[in-house]
Amino acid sequence: MNQQLAGFAPTPVTARMENHGRTMLKVAMASGQDLYARTGSMVAYEGFIQYEPNPPAVRQIASQWITGEGAPLMKCAGDGLLYLADYGADVVVINLDNDSLSVNGTNLLAFDSHLTWGVERVKGLAKFAGQGLWNVCVQGTGWVAITSRGTPIVVDCGRGEDETYVDPDALVAWSPNLKVKGKRSFKAGSLIGRGSGEAYQMAFSGQGIVVVQPSEDSTDRLRVRN
């Protein structure tokens with residue numbers, strides 16, 4: 001039996017964050033290298049690791065998030081190996097090098113606690129849906145893990161002069177330096193999104209990337225916020 005299961009055993013640690021298969025994240029934890037992770041995403045760990053749900057630093061920043069949902073994050077600290085997952089979603093590991101990334105809050109799995117982060121409103125969309133769209137912007141040098149419902153596509157917006165249009169419910173992350181605006185279309189209603197009639201898209205332009213998942217987030221991200 002051990003031989004049959006050998007292919008699923010933990011692999012040697014080669015980086016702070018790495019994939020164990022497509023749908024699981026392995027984090028090498030060490031004292032002084034704390035981690036923020038989605039609450040409830042821990043599936044296993046080795047060693048001595050402590051968890052603090054909704055720590056003060058998270059509550060302070062999350063108070064800016066007016067969706068009423070907050071930022072479901074926990075602080076992880078200790079020594080050992082930590083395994084995280086999010087209901088079988090694909091995990092994408094990114095090593096930021098003095099860079100930044102804007103992530104849909106529901107797609108943010110984990111990130112180094114020393115990174116600068118905050119909740120920001122996406123400009124240019126408020127007129128389309130109440131108070132607009134809110135994302136988590138992470139910046140600095142360190143590790144970030146995001147999730148995607150299926151294998152994502154990464155679109156390089158700097159490859160041409162045309163704008164890149166994305167269904168907001170399929171959007172995972174993008175470069176914050178990109179220009180973003182909303183577009184309303186009636187004719188595309190039967191082609192974009194699950195609904196009928198009027199459709200909303202997000203138009204990106206400039207130098208940067210957009211990460212799109214092959215599945216629409218059922219939380220309806222452009223609903224009216226209270």
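Counting from 1, the numbers follow the sequence of the chain as shown.
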Salt bridge (Lys or Arg N to Asp or Glu O under 4.0 Å) evaluation trace for K181 with E163: CA-CA 10 Å; K181 66 179 182 180; E163 293 179 322; 3.3 Å; yes
Stepwise side-chain contact (heavy atoms from CB on, under 4.5 Å) check, Y83 with E46: CA-CA 9 Å; Y83 295 90; E46 302 175 26; 3.9 Å; yes
Going through the distances and angles, do Q50 and C76 end up as a side-chain contact (heavy atoms from CB on, under 4.5 Å)? CA-CA 6 Å; Q50 294 180 307; C76 310; over 6 Å; no
For side-chain contact (heavy atoms from CB on, under 4.5 Å), just list the numbers for I94 and L101, CA-CA rounded to whole Å, side-chain angles, deciding distance to a tenth of an Å, and then say yes or no. CA-CA 10 Å; I94 302 168; L101 188 70; 3.6 Å; yes
Show your reasoning for whether side-chain contact (heavy atoms from CB on, under 4.5 Å) applies to V43 and L84. CA-CA 6 Å; V43 294; L84 305 174; 5.9 Å; no
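Between the side chain of D167 and the backbone N or O of D169, at least one donor-acceptor pair lies under 3.5 Å. In terms of modelled atom types and a separation under 3.5 Å, the side chain of S148 and the main chain of G150 share a donor-acceptor contact. A donor-acceptor pair is defined here as one N or O able to donate and one able to accept, closer than 3.5 Å; such a pair exists between the side chain of R16 and the backbone of A28. Using modelled atom types, one side-chain atom of N177 and one backbone atom of Q207 make a donor-acceptor pair closer than 3.5 Å. Put simply, the side chain of N19 gets close to the backbone of V91: a donor and an acceptor are under 3.5 Å apart. A donor-acceptor pair under 3.5 Å is absent between the side-chain atoms of Q213 and the main chain of V172, judged by distance alone. R38 places a side-chain N or O within donor-acceptor distance of the main-chain N or O of G105, the cut-off being under 3.5 Å. When atom types are taken as modelled, the side chain of H114 and the backbone of L35 share no donor-acceptor pair closer than 3.5 angstrom.
Residues Y36 and P55 form a side-chain contact, since some pair of their non-hydrogen atoms from C-beta on lies under 4.5 Å apart. Using a 4.5 Å heavy-atom cutoff, the side chains of V136 and V138 are in contact. Residues D86 and R149 meet the side-chain proximity criterion, which asks for heavy atoms closer than 4.5 Å. Residues I209 and V154 are in side-chain contact: their nearest non-hydrogen atoms beyond the backbone lie under 4.5 Å apart. You'll find the side chain of D79 stays beyond 4.5 Å of the side chain of F48, heavy atoms only.
Linking Ile, Leu, Val, Met, Phe, Trp and Tyr residues whenever their side-chain heavy atoms come within less than 4.5 Å places V92 and L108 in a single cluster. A chain of hydrophobic side-chain contacts below 4.5 Å, direct or via other Ile, Leu, Val, Met, Phe, Trp or Tyr residues, connects V119 to L115. With hydrophobic clusters built from ILVMFWY side chains whose heavy atoms lie under 4.5 angstrom apart, V93 does not share a cluster with V103. Side-chain heavy atoms closer than 4.5 Å link hydrophobic residues (I, L, V, M, F, W, Y) into clusters, and following such links, possibly through other members, connects M42 to V27.
The only member of N98, V144, T116 that meets side-chain contact (heavy atoms from CB on, under 4.5 Å) when paired with Q139 is T116. The side-chain contact (heavy atoms from CB on, under 4.5 Å) test with S41 is passed by exactly one of L109, L25, L73, T147: L109.
For the residue pair H20 and F8, the shortest heavy atom distance occurs at NE2-O, 3.4 Å. Heavy-atom minimum distance, Y45 versus I49: CB-CD1, 3.9 Å. Nearest approach of C157 to V210, heavy atoms of both residues: SG-CG2, 3.5 Å. Of all heavy-atom pairs between P12 and E18, the closest is O-OE2, 3.9 Å. For the residue pair D156 and G208, the shortest heavy atom distance occurs at OD1-O, 3.5 Å. The two residues L96 and G140 make their nearest non-hydrogen contact at CB-O, 3.5 Å.
In this structure, F111 has its ring center at least 6.0 angstrom away from the ring center of W143.
Checked by atom type, the side-chain pair D90/T23 shows no donor-acceptor distance below 3.5 Å.
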